[in-house]
Amino acid sequence: MPTLIQARDIADYEGQEITLQGWVYNRTHKGKLVFLLIRDGYGFVQCVAFQGELDAELFETLAHIPQESSVIVTGMVRADSRAPGIPGGYEVGIMGVEVVQAVGDEYPISLKEHGVDFLLDHRHLWIRVPSQWAILRIRTTIISAIREWLEQNGFTLLDTPILTPAACEGTTTLFETEYFDEGPAYLAQSGQLYNEANIFAFGKVYCFGPTFRAEKSKTRRHLTEFWMVEPEMAFCDLEQLMEVEEQFISHIVQRTLRDCRNELLSLGRDLSVLERIVPPFPRISYDEALEKLAQIRAETDDAEARKLLEIEWGDDFGSPHETALTKLFDKPVFVYGYPTGAKAFYMEPWPGRPDVSKSVDLLAPEGYGEITGGSERISDPDLLLKRIHEHNLPEEAFRWYIDLRRYGSVPHSGFGLGVERTVTWICGIEHIRETIPYPRTINRVYP
RNA sequence: UCCUCGGUAGCUCAAUUGGCAGAGCGACCGGCUGUUAACCGGUUGGUUCCUGGUUCGAGUCCAGGCCGAGGAGCCA
């Protein structure tokens with residue numbers, strides 16, 4: 001058998017006889033000529049059969065081979081600018097085909113238009129099409145880049161529990177489950193509090209795992225099960241946190257550009273937009289952000305937009321505010337110093353301004369909005385205890401967390417990055433549900 | 001939880017004022033040596049989301065329900 005190759009490497013084999021193992025993504029029968037678009041998991045390659053060059057029986061088989069049949073193709077690689085594919089520009093002149101399985105039933109997903117509900121019901125097949133394949137390859141590259149950067153920069157991976165005793169932050173709705181005789185347990189919404197314990201043993205740490213939110217959110221930015229990476233650092237203040245985040249995000253984007261160029265192009269992504277994502281990122285305070293929003297409101301004639309952009313000091317941003325702010329910049333923008341009342345209980349107050357917290361969100365450009373949320377954490381045990389009481393949290397459950405401030409407390413900071421929101425932004429797509437292999441939304445747990 | 005929109009063939013959709021249920025795609029058959037979701041001809045294809053009501057007559061109007069999408073709130 002000639003050399004078995006992967007579709008993405010096809011350009012390296014011009015003029016050589018090769019073998020491809022894969023599936024028939026599309027077939028075009030044109031009289032004495034058959035085009036098969038073969039996908040092999042690594043790319044999409046056009047293979048061409050001429051009637052005069054093949055055994056008559058084989059040609060007849062190829063002329064009728066059903067979509068998604070599995071095949072082993074041998075043939076000669078040649079350059080041809082007309083050839084579609086990922087990457088395109090090369091095709092295989094078919095010399096032989098072994099049909100592993102000829103599909104007998106009609107394949108549900110045609111190459112024509114389908115509705116979202118239908119596609120999600122067939123997610124197990126939908127992931128085969130080029131757009132979904134490209135998005136999920138970009139996802140895995142982004143995850144690899146995340147781990148790579150953190151490991152190269154001294155972060156230790158420590159997995160935090162998924163079954164947790166109570167709300168970590170006491171804000172969002174959690175999935176509840178019975179835990180033997182211990183009463184209810186909850187699916188994790190964050191590993192942060194455990195990360196804070198871990199930094200006192202390991203310095204810089206991260207956790208990376210699935211996160212669960214039972215909020216009844218029905219928007220293109222929400223999943224009930226999503227993946228979050230949460231780095232946490234000892235001896236780190238808010239300013240240092242922003243420096244880490246911009247290095248981290250830039251690495252993720254540049255690595256994806258390097259390794260997933262074909263995938264990004266196949267999605268129609270404008271690469272120049274991503275090439276700009278290098279440090280430093282702009283930083284604006286919450287107060288400055290409010291001024292900019294007021295200015296945007298004053299300049300718009302759209303009454304509805306004006307209403308959506310209403311905000312008073314003390315409110316957290318809604319999605320319309322984030323979208324409007326990100327359109328002012330061509331890089332991700334840090335917004336820091338949110339009102340204490342709008343954020344979680346554990347955030348360090350701004351020096352001399354207790355109504356402001358040392359918090360920072362990173363908003364992705366082009367209207368994508370929040371991809372990270374972070375803060376410097378309270379390091380004083382008395383203040384932390386006071387905040388726990390103010391938020392009506394059970395002191396007993398947080399005893400271990402308060403201990404961290406009693407035994408060698410230091411300034412420390414961390415953030416969480418939503419993987420699927422990052423993938424959505426880097427891919428330049430509309431909806432978060434395409435960025436995870438099997439999305440879980442408010443009314444979908446199948447397949 | 002709230003607001004808006006939608007549900008008709010396997011898929012994507014159309015159906016005028018309430019008057020015979022339609023098209024494209026897919027599948028199947030035939031044609032075509034450069035297709036890019038090919039194209040051309042033919043064949044096939046229906047619980048119009050459910051329940052009840054109005055009417056000579058309901059896909060269409062009314063009431064209730066179910067399911068889905070987009071957005072708000074909440075959040076990453």
Side-chain angles (χ1 to χ4, degrees), chain A residues 25-37 44 46-53 59 63-64 66-67 78 80-86 88-89 91 93 103-122 129-131 169 171-174 189-192 210-230 304 307-308 310 315-323 342-344 361-364 368-374 415-425 430-433 435-436 441-444:
Chain A
Y25 176 66
N26 192 18
R27 184 197 74 232
T28 306
H29 179 203
K30 243 195 131 300
K32 293 174 179 147
L33 184 59
V34 174
F35 297 99
L36 300 179
L37 191 56
F44 291 71
Q46 173 164 280
C47 302
V48 189
F50 284 98
Q51 192 173 39
E53 296 173 0
F59 185 83
H64 294 277
Q67 188 185 358
R78 59 180 176 245
D80 192 315
S81 60
R82 295 168 296 186
I86 306 174
E91 65 182 21
V103 170
D105 299 318
E106 192 177 328
Y107 188 64
I109 299 187
S110 73
L111 273 56
K112 297 285 179 179
E113 233 181 323
H114 293 288
V116 168
D117 196 42
F118 176 85
L119 288 170
L120 286 171
D121 278 340
H122 296 84
V129 313
S131 64
E169 304 184 10
T171 50
T172 52
T173 316
L174 304 181
Q189 62 158 336
S190 167
Q192 183 205 313
T211 303
F212 306 90
R213 303 277 166 93
E215 292 286 346
K216 293 196 170 182
S217 299
K218 280 180 67 172
T219 81
R220 67 182 75 178
R221 298 178 308 282
H222 289 88
L223 296 167
T224 55
E225 178 183 308
F226 63 97
W227 286 66
M228 186 158 69
V229 57
E230 295 176 275
E304 197 182 343
K307 179 151 177 58
L308 280 170
E310 273 178 13
D315 295 340
D316 204 352
F317 295 138
S319 165
H321 307 107
E322 287 184 5
T323 301
K343 289 289 181 184
D361 286 354
L362 183 65
L363 310 183
Y368 282 96
E370 183 174 359
I371 53 171
T372 81
F415 67 97
L417 171 81
V419 169
E420 288 78 13
R421 285 190 178 175
T422 304
V423 177
T424 308
W425 162 53
E430 284 291 310
H431 207 298
I432 196 168
R433 64 188 158 216
T435 63
I436 187 167
T441 56
I442 177 170
N443 36 32
R444 177 170 294 281

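The sequence lines fix the lettering, A, B, ..., with proteins before strands; numbering per chain opens at 1.
Here A/Gly115 lies in heavy-atom contact (under 4.0 Å) with sugar-phosphate atoms only. A/Ile109 comes within 4.0 angstrom of nothing in the nucleic acid, heavy atoms only. As judged by a 4.0 angstrom heavy-atom cut-off over every strand, A/Thr211 is placed among residues making no nucleic acid contact. Using a 4.0 Å heavy-atom cutoff across all strands shown, A/Glu106 reaches at least one base atom of the nucleic acid. Within 4.0 Å of A/Pro320, counting heavy atoms only, lie sugar-phosphate atoms of the nucleic acid but no base atom. Residue A/Gln46 is classed as a base contact, given a heavy-atom separation below 4.0 Å to a base. Counting any heavy atom pair closer than 4.0 Å across all strands shown, A/Ile432 reaches a base atom. Within the nucleic acid shown, A/His431 comes within 4.0 Å of sugar-phosphate atoms alone, with no base atom in reach, counting heavy atoms only. As judged by a 4.0 angstrom heavy-atom cut-off over every strand, A/Asp80 is placed among the base-contacting residues.
Here the C1' atom of nucleotide B/G73 and the CZ atom of A/Phe317 are 16 Å apart, to the nearest Å. As a whole-Å value, the separation of A/Leu362 CG from B/A76 C1' is 12 Å. Rounded to a whole Å, the NZ atom of A/Lys307 is 11 Å from the P atom of B/G73. The separation between A/Arg221 atom CZ and B/A69 atom P is 15 Å, rounded to whole Å. As rounded to whole Å, 14 Å separates atom P of B/C25 from atom NE2 of A/His114. The distance between atom OH of A/Tyr107 and atom P of B/G10, rounded to the nearest whole Å, is 19 Å. Atom CD1 in A/Ile436 sits roughly 12 Å away from atom C1' in B/A76 (whole-Å rounding).
Remark: A/Arg444 is not in phosphate contact with B/C67, judged by side-chain N or O atoms under 4.0 Å from OP1 or OP2. Considering only side-chain N and O atoms, A/Asn26 lies nowhere under 4.0 angstrom from the phosphate OP1 or OP2 of B/U35. Close to B/C32, at under 4.0 Å from its OP1 or OP2, lies no side-chain N or O of A/Lys30. Phosphate proximity of B/G31 to A/His29: absent, as no side-chain N or O sits under 4.0 Å from OP1 or OP2. Contact between the side-chain N/O atoms of A/Arg433 and the OP1/OP2 oxygens of B/G70 is found at a separation under 4.0 Å.
Centre separation under 5.5 Å together with a plane angle under 30° holds for the ring of A/Phe226 and the six-membered base ring of B/A76, marking them as stacked.
To the nearest 0.5 Å, the span separating NE2 on A/His321 from CG on A/Leu308 amounts to 7.5 Å.
When distances are taken from the side chain of A/Ser319 to each of B/G73, B/A76, B/A69, the shortest belongs to B/G73. Of the candidate nucleotides B/C75, B/U33, B/C29, B/C29 has the atom lying nearest to any side-chain atom of A/His64. Here the nucleotide nearest the side chain of A/Arg421, chosen from B/A76, B/G34, B/A69, is B/A76. The side chain of A/Met228 sits closest to B/A76 out of B/G73, B/A76, B/G34.
The same atom, C1', is picked in B/G57 and in B/G19; the two are 7 Å apart, to the nearest Å. Here, B/C66 and B/G45 have their P atoms 36 Å apart, quoted to the whole Å. To the nearest whole angstrom, the two C1' atoms, one in B/C20 and one in B/G10, are 25 Å apart. Distance noted for atom P between B/G59 and B/A9: 14 Å (whole Å). If you take atom P in B/G30 and the same atom in B/G22, they sit 29 Å apart, rounded to whole Å.
At most 12 non-hydrogen atoms from other residues, nucleotides or ligands lie less than 6.0 angstrom from CG of A/Asp105.
Checked by distance alone, A/Glu91 brings a side-chain donor or acceptor within 3.5 Å of a matching partner on the base of B/G34. Between the side chain of A/Ser110 and the base of B/C25, no donor-acceptor pair under 3.5 Å is found. Counting distance only, with no hydrogens placed and no angle test, the side-chain atoms of A/Gln51 and the base atoms of B/U33 include no donor-acceptor pair under 3.5 Å.
Using N1 to N3 plus N6-O4 or O6-N4 for Watson-Crick, or N1-O2 and O6-N3 for G-U wobble, each under 3.5 Å, B/C56 pairs with B/G19.
Listed for the A/Glu91 side chain is no donor-acceptor partner under 3.5 Å among the backbone atoms of A/Phe35.
Ion pairing between a basic and an acidic side chain is recognised when a charged N comes within 4.0 Å of a carboxylate O; A/Asp80 and A/Arg78 show no such pairing.
Within the 4.5 Å cutoff, side-chain heavy atoms of A/Pro130 are placed close to those of A/Ile86. Looking only at side-chain heavy atoms (C-beta outward), A/Leu223 and A/Arg213 stay at 4.5 Å or farther from each other. With contacts defined as side-chain heavy-atom distances shorter than 4.5 Å, the pair A/Glu420/A/Trp227 qualifies.
In summary, of the residues considered (A/Glu106, A/His114, A/Glu113, A/Lys112), a side-chain hydrogen bond (donor to acceptor under 3.5 Å, both in side chains) with A/Ser110 occurs for A/His114 alone.
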